[in-house]
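Every value quoted in this text rests on a predicted model; they were computed, and no experiment measured them.
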Amino acid sequence: MAKKVLVTGATGLIGRELIEPLLESGFDVYAITIDDFVPSKNITWIKGNLFDENFIKETFDTVKPEYLLNMAWATTGDYLKSDINYRFLNAGINLLTHFKDNGGKRVVYAGTCFEYKFKDHPLKETDELDANKSVYTFCKNKLHEVSEYFCKMNGISFGYGRIFYVYGRNEDKTRLTGMILDKLSHNQEVIIKSGSLIKDYMYSKDIAGAFVKFLDSNIEGTVNICTGEPISIKEFALEIEHSMQKSGLIKFQDEISNQPPVIIGDNFKLLNEVKYKNKYSLKEALKEILE
């Protein structure tokens, strides 16, 4: 029998890339969305609001999924300070209660690298946290703590994937990659203020693939979803410019930033326990995005 999974956030930057690897891994996919969708014979779309408790109860009572993959969250606009984070926190806990009541077995939730206390070396899953730096990170970490304890007390397998930096197809123009792609496509100048910052960028398709592999394993606890490969914002931006066959449109300013100079993940657990290896290089991913 197919493994029945309920997915939230399946129309987001990462979420929309989950469907293909889930199907390839033998999952029977049910996806909650508040957006309009194109009906598909491969997956069952369920339109409704994640914050509507009655809708969530009815959905779990009907679907009775064995697996739950919760990717839904707001990550555009003023999301770091927004009160909507508390609503996602409450919704994430609500999902678990109905998952348990309907015999659910395995859960994976999406977290963020911003929960960590940053340092100049690759961040490991056991490193110190500093989750009170924003409403966003506070709520993410609180959901992690509550969910892990809830699952432990109720015999549910729980995994938590901390995402580092993401880029992908049809990215919002308020995000770095989306902004660069949009401006360069219109031959407009791009200003990068702090190009020396070092990040850990991972293609949305690889992030999705990693989460599916994680979900389909018996690995519990936190796993970093990252490449482990440092790249400066300057190098990243120039690679996009080169891939678009543009030149001289990106200008760099050496402004002092309040961001940490280095944010890189240690992906040992992802590689050696979950056993997921990236399928795309930056060049390959950009080629696919542009196509």
Side-chain angles (χ1 to χ4, degrees), residues 1-33 35 37-48 50 56 58-73 92 95-96 98-111 147-148 150-151 154-163 166 168-169 202-227 267 269-280 284-285 288:
M1 287 182 64
K3 301 163 288 190
K4 194 180 290 186
V5 59
L6 186 65
V7 182
T8 72
T11 55
L13 180 62
I14 298 168
R16 58 177 172 257
E17 308 292 5
L18 289 167
I19 306 303
E20 185 176 334
L22 281 170
L23 293 172
E24 289 176 350
S25 297
F27 284 94
D28 183 9
V29 182
Y30 293 76
I32 294 174
T33 180
D35 301 319
F37 58 86
V38 177
S40 170
K41 65 179 181 179
N42 296 321
I43 65 174
T44 303
W45 290 101
I46 306 170
K47 189 166 184 177
L50 197 65
I56 293 299
E58 290 173 5
T59 298
F60 276 93
D61 289 347
T62 301
V63 177
K64 298 187 183 301
E66 182 183 0
Y67 293 80
L68 173 62
L69 182 54
N70 182 26
M71 306 294 292
W73 211 279
L95 289 171
L96 283 179
H98 296 297
F99 185 64
K100 181 207 75 167
D101 291 344
N102 286 279
K105 302 297 183 184
R106 168 77 170 160
V107 174
V108 170
Y109 274 20
S147 300
E148 191 164 49
F150 179 94
C151 289
N154 289 284
I156 298 170
S157 176
F158 179 78
Y160 190 72
R162 285 206 179 102
I163 301 167
V166 55
R169 298 186 296 167
M202 192 170 183
Y203 185 31
S204 56
K205 276 195 172 184
D206 269 319
I207 294 176
F211 266 99
V212 173
K213 187 78 171 177
F214 189 16
L215 180 71
D216 204 23
S217 74
N218 60 2
I219 304 301
E220 297 190 297
T222 303
V223 173
N224 285 337
I225 309 297
C226 63
T227 67
N267 66 346
K269 285 186 71 174
L270 182 63
L271 286 172
N272 296 282
E273 295 183 25
V274 176
K275 299 189 184 302
Y276 183 81
K277 184 178 180 181
N278 279 1
K279 296 180 180 179
Y280 293 86
E284 291 167 338
E288 185 172 277

F60 side chain near L68 side chain, heavy-atom distance below 4.5 Å: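 Result yes, sub-4.5 Å side-chain heavy-atom pair found.
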With a 3.5 Å distance limit and no angle check, can you tell me whether Y109 reaches the backbone of G92 through a side-chain donor-acceptor pair?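 Side chain of Y109 to backbone of G92, a donor-acceptor pair under 3.5 Å: yes, one is there.
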At what distance, to the nearest 0.5 angstrom, does CH2 of W73 lie from CG of L50?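 Answer for the CH2-CG pair, W73 versus L50, is 10.0 Å.
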Interatomic spacing from OG in S204 to CG in L18 - rounded to 0.5 Å: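 Spacing of OG (S204) from CG (L18) equals 9.5 Å.
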Can you tell me how far CD1 of I43 sits from CZ of F27, rounded to the nearest 0.5 angstrom?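 Rounded to the nearest 0.5 Å, the CZ-CD1 separation comes out at 14.5 Å.
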Any side-chain to backbone donor/acceptor pair from R106 onto L215? Under 3.5 Å, distance only.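 Between the backbone of L215 and the side chain of R106 there is a qualifying donor-acceptor contact (under 3.5 Å).
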Can you find a heavy atom in the side chain of I207 that is under 4.5 Å from one in the side chain of E17?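 Contact flag for I207/E17 side chains = no.
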With no hydrogens and no angle check, is any side-chain donor or acceptor of E220 less than 3.5 Å from a backbone partner on F158?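 Side chain of E220 to backbone of F158, a donor-acceptor pair under 3.5 Å: yes, one is there.
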I want to check something: taking the side chain as every heavy atom from C-beta on, are K3 and D216 in contact at a cut-off of under 4.5 Å?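 K3 reaches D216 side chain to side chain.
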Cation-pi check, R162 onto F214 ring (under 6.0 Å, within 45° of axis):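 No.
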Side chains of Y30 and T59, heavy atoms from C-beta outward: is any pair under 4.5 Å?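 No - every pair of side-chain heavy atoms lies 4.5 Å or more apart.
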Quick check on E284: does its CD atom have over 12 non-hydrogen neighbours (other residues, nucleotides or ligands) under 6.0 Å away?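 Yes, enclosed.
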Is the backbone N or O of T222 less than 3.5 Å from a side-chain atom of K269, with the two atoms forming a donor-acceptor pair by type?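 Side chain of K269 to backbone of T222: a pair is present.
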Interatomic spacing from NZ in K213 to CG in L270 - rounded to 0.5 Å: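 If I round to the nearest 0.5 Å, the distance is 10.5 Å.
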Under 4.5 Å between any side-chain heavy atoms of Y276 and D206, yes or no?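 In contact.
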Is there a donor-acceptor contact under 3.5 Å from the side chain of S217 to the main chain of V274?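 Side chain of S217 to backbone of V274, a donor-acceptor pair under 3.5 Å: no, none is there.
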Quick one: are V107 and L95 in side-chain contact, heavy atoms under 4.5 Å?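 No, every pair of side-chain atoms sits at 4.5 Å or beyond.
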Using modelled atom types and a 3.5 Å cut-off, is there a donor and acceptor pairing between side-chain atoms of T33 and backbone atoms of K47?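 Judged by distance alone, no pair lies under 3.5 Å.
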Do side-chain atoms of N267 reach the backbone of T227 as a donor and acceptor pair under 3.5 angstrom?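 It does hold such a pair.
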Check whether any side-chain heavy atom of I46 lies under 4.5 Å from a side-chain heavy atom of V63, and answer yes or no.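 A side-chain contact under 4.5 Å exists here.
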Any side-chain heavy-atom pair from Y280 and E288 closer than 4.5 angstrom?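 Y280 reaches E288 side chain to side chain.
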Working to the nearest 0.5 angstrom, can you tell me the gap between F99 CZ and E66 CD?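 It comes to 8.0 Å.
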